[in-house]
Amino acid sequence: MKLYSTIDRKVVEIETIKKDEISIYSCGPTVYFRMHIGNIRAYINWDVLHRALVYLGYKVNRVMNITDVGHMSSTDDFGSDFGEDKMDRQAQREGIQPIDIANKYIDSVLNDFRDLNILAPCGQSIPHDLTYKDVERYGWSRASNFVNQIIEMIKRIEKNGYTYETKQAVYFDVSKLSDYNIFTGQELSEKEIGVRDEVNVDPEKKNPADFVLWMKRVGKYENHIMNWPSPWGDGFPGWHIECSAMGTSILGEKFDIHTGGVDHIPVHHTNERAQNIGTYGHPSVKYWLHNEWLVSKEDSKLSKSSGAETLPQVIDLGFEPMDVRYLFVSINYRTRIAYSVDGLKGARASRLALLRKLEELGSDSGNVIEEYIKKFKEELENNLNMSGVFRLINELLKSEYPRGDILATIYEYDKVLGLNLKQGISKEYDSEIEELLSLRKEARENGDFAEGDRLRDLIMQKGFRVMDTANGQTIQRV
RNA sequence: GGUGACGUAGCCAAGCUGGUUAAGGCCGUGGUCUGCAAAACCACUACCAUGGGUUCGAGUCCCAUCGUCACCUCCA
């Protein structure tokens, strides 16, 4: 398996720590807002990685965190370490407790994941009745349940001499790590130039890059809702320590893969790595993998503040969740995707065409074509070359292999693609449409094509396209 | 200012361990099929940002230039 390692800055051959086993930590959702289409892209990409590794024979140990504490905002205090806590703020907005906010949005994440056929981190499909209550049994870990581990980790970092404490917080002293900037290659001294308006609310902070491990319940946070006791006083964990603590306490001091968005490279993952070294004396993550962003047509970034579409909005536009999945599955995780409704339309057209072709192949599944399984695995192993996989599908559809074998092979591919190809085209329509269809069939059998065309137009107005095939009428939602 | 990613057809996107005709899809056009359509099938649509260099040979390696984007501040 070859993947792009961010620190190595190239595609590398993956050598797992334990033979035939691979451990993955995926930066998961922060649950105070409805996941947007950009988040979805990331989770679909890593879902494909997960499925691909399973398909290639690895035993996958995967965990995905849910950040439900202490995520701070700097929108109100530019450059400040002491912005509002987003969970708190959203709770105040909605007039409920932070934990209720978290639970509410965890459920919305589960719904989206389920609709998009994204597996739970444990590798199972997400059950229909799964809610926030049982999420940890399926491989998610909630930061709020790891506060003890977080405190223990900070204690170790402190003992190893990487921290200092002020009246307001416990900081990680980045000057203690010579290769702190390994991810970006950017010198800390040069970094300061750009951050001109930095407002150091904490006058005792030594270096602007130093980051909070434990935030005390003082000053602005005197009334902070989520708090825990600690050796440094009541307070809550900093934004980076949760991931370090959860990753290493669940997957071990060293694990194979850590995934996240490219935006995490310079700060979040840089700090996570620093914390791991501060704790264990060595890095914990063997390969850091990062997914690129979605950009709008003007090539500027999508963010949750730009009104990017959520899954329900996309569905309202007439798309199915699998159209979204098709779009994101067919493009490599490192390619910046120009996202647009037109792009989504193209994905939908491709997907429906594929389903139609599969339907024409019949329903008798034969034997998988070994040659094409081999090619499939080669594409997966080649840094998840998903475009190549779709090329193989098209080759197969045009090939002379027995129909059942083509079908079986493509269904085999779908174990990784996760497009629910076996379910075929959604045929759901009501009795009214059904009646119109039978009337049209009758009219055409009687040679009354004018009536047949009228009924076809009528059905079209009700949102379905009628097609006459060798097997009779078939219908498709427009 | 610094750091990084990237520039392939109308659009999306492979190819980048250099080597016959630069994958595949979407859209479009022409045709076959069809009562007419739709679907399907066939055909057509690329001076690989620019300029140098290395090489028998470069989209693919090296250098420069131009351009785009991101990050350095919460974000996938």
Side-chain angles (χ1 to χ4, degrees), chain A residues 6 9 11 26-30 33 35-46 71-75 77-81 83-84 86 181 183-198 208-209 239 259-268 270 290-295 297-306 326-327 330-340 342-343 345-354 356-357 359-360 379 385-395 398 444 447 449-450 452-453 456-457 460 465-470 474 476:
Chain A
T6 303
R9 289 181 195 173
V11 175
S26 292
C27 266
T30 302
F33 63 94
M35 185 164 64
H36 63 75
I37 200 82
N39 303 110
I40 287 171
R41 186 261 168 105
Y43 298 122
I44 288 177
N45 283 162
W46 303 127
H71 216 66
M72 285 177 294
S73 157
S74 60
T75 49
D77 301 277
F78 186 79
S80 164
D81 284 318
E84 280 183 25
K86 290 179 175 177
N181 63 343
F183 272 109
T184 60
Q186 187 176 24
E187 295 300 326
L188 292 177
S189 54
E190 286 165 345
K191 216 165 125 173
E192 288 175 56
I193 297 167
V195 191
R196 294 187 184 81
D197 297 327
E198 171 116 11
W239 5 309
T259 69
V262 287
D263 54 301
H264 281 154
I265 296 170
V267 180
H268 184 53
T270 291
H290 293 96
N291 62 277
E292 252 298 346
W293 289 79
L294 236 49
V295 296
K297 221 166 189 178
E298 297 73 39
D299 209 22
S300 59
K301 73 170 185 176
L302 290 178
S303 72
K304 59 177 174 286
S305 58
S306 73
Y326 189 99
L327 176 64
S330 62
I331 301 173
N332 181 269
Y333 60 94
R334 286 195 70 233
T335 298
R336 194 182 301 149
I337 297 178
Y339 175 74
S340 65
D342 281 346
K345 281 181 186 167
R348 178 169 175 76
S350 301
R351 185 179 142 262
L352 292 176
L354 172 60
R356 264 186 243 112
K357 287 173 189 174
E359 265 186 3
E360 283 174 20
E379 296 294 356
N385 187 354
M386 303 311 289
S387 299
V389 171
F390 281 84
R391 183 192 59 231
L392 291 179
I393 289 175
N394 283 292
E395 270 180 34
K398 289 177 182 171
R444 291 183 72 242
F449 293 116
D453 290 352
R456 181 168 63 195
D457 290 345
M460 186 67 166
R465 173 176 291 129
V466 184
M467 292 165 283
D468 298 311
T469 70
T474 186
Q476 179 188 309

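What's counted below: heavy atoms across the whole structure, side chains too, no hydrogens, waters or symmetry copies. A, B, ... follow the sequence lines: proteins, then strands. Residue 1 opens every chain.
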Base versus backbone protein contacts along nucleotides 13-19 of chain B [heavy-atom cut-off under 4.0 Å; B, S, -]: SSS----

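Both distances falling under 3.5 Å, in either a Watson-Crick or a G-U wobble arrangement, occur for no nucleotide opposite B:rA9. Base pairing analysis places B:rG18 opposite nothing; no Watson-Crick or G-U wobble pair with both distances below 3.5 Å involves it. Across the strands present, B:rG1 finds its partner in B:rC72; the criterion is a Watson-Crick or G-U wobble pair with both atom distances under 3.5 angstrom. Nucleotide B:rA40 forms a Watson-Crick or G-U wobble pair with B:rU32, both donor-acceptor distances falling under 3.5 Å. Using Watson-Crick or G-U wobble geometry with both donor-acceptor distances under 3.5 Å, B:rG59 finds no partner in any strand shown.
Taking for each of A:Gly260 and A:Phe183 the nucleotide of RNA chain B with the nearest heavy atom, the 5'-most of the two is the partner of A:Phe183. Nearest-nucleotide mapping onto RNA chain B: of A:Gly261 and A:Phe449, the residue sitting toward the 5' end is A:Phe449.
Contact annotation: A:Arg356 side-chain N/O to B:rA40 OP1/OP2 distance is under 4.0 Å.
Between the CG atom of A:Leu327 and the P atom of B:rC12 there is a distance of 12 Å, given to the nearest Å. One interatomic measurement links the two molecules: CH2 of A:Trp293 to C1' of B:rU68, which rounds to 17 Å at whole-angstrom precision. If you measure from atom CG of A:Asn45 to atom P of B:rA76, you get 14 Å, rounded to the nearest angstrom. Computed from coordinates, the A:Glu292 CD to B:rG4 C1' distance equals 10 Å when rounded to whole Å. Regarding A:His36, its NE2 atom lies at a distance of 11 Å from the P atom of B:rC75, rounded to whole Å. Between the CZ atom of A:Phe33 and the P atom of B:rC74 there is a distance of 14 Å, given to the nearest Å. In this structure, the CE atom of A:Met35 is 18 Å from the C1' atom of B:rC74, given to the nearest Å. Look at CG on A:Leu294: it is 13 Å from P on B:rC12, rounded to the nearest Å.
At a threshold of 4.0 angstrom between heavy atoms, the contacts of A:Tyr43 are confined to the sugar-phosphate backbone, with no base atom among them. Among the atoms of the strands shown, only primed sugar atoms or phosphate atoms (P, OP1, OP2) are found under 4.0 Å from some heavy atom of A:His264.
A:Asn291 and A:Ala42 make their closest contact through ND2-CB, 3.4 Å (heavy atoms, listed as atom of the first residue, atom of the second, distance). In terms of heavy atoms, A:Gly260 sits closest to A:Cys27 at CA-CB, 4.3 Å.
Note: A:Phe183 and A:His290 have perpendicular aromatic rings, judged against thresholds of 30 and 60 degrees for the angle between ring planes.
We find the CZ-OH distance between A:Arg348 and A:Tyr326 to be 13.0 Å, quoted to the nearest 0.5 Å. The distance from the CD1 atom of A:Ile337 to the CG atom of A:Leu327 is 5.5 Å, given to the nearest 0.5 Å.
Electrostatic pairing of A:Glu395 and A:Arg391 counts as a salt bridge here, judged by a charged N lying under 4.0 Å from a carboxylate O.
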Please list each protein N or O that sits under 3.5 Å from an N or O in nucleotides 36-38 of chain B, with the distance.
from, atom 1, to, atom 2, distance (Å)
B:rC36, O2, A:Arg456, NH2, 2.7
B:rC36, N3, A:Arg456, NH1, 3.0
B:rC36, N3, A:Arg456, NH2, 3.2
B:rC36, N4, A:Asp468, OD2, 3.4
B:rA37, N6, A:Asp468, O, 3.3
B:rA37, N1, A:Asp468, N, 3.1
B:rA37, N1, A:Asp468, OD2, 3.2
B:rA37, N3, A:Arg456, NH1, 2.8
B:rA38, N1, A:Asp468, O, 3.0

Under-3.5 Å N/O pairs linking protein and nucleotides 25-28 of chain B:
from, atom 1, to, atom 2, distance (Å)
B:rG25, OP1, A:Lys398, NZ, 3.4
B:rG25, O2', A:Ser350, OG, 2.3

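In this structure the side chain of A:Pro29 reaches within 4.5 angstrom of the side chain of A:Tyr43, judged on heavy atoms.
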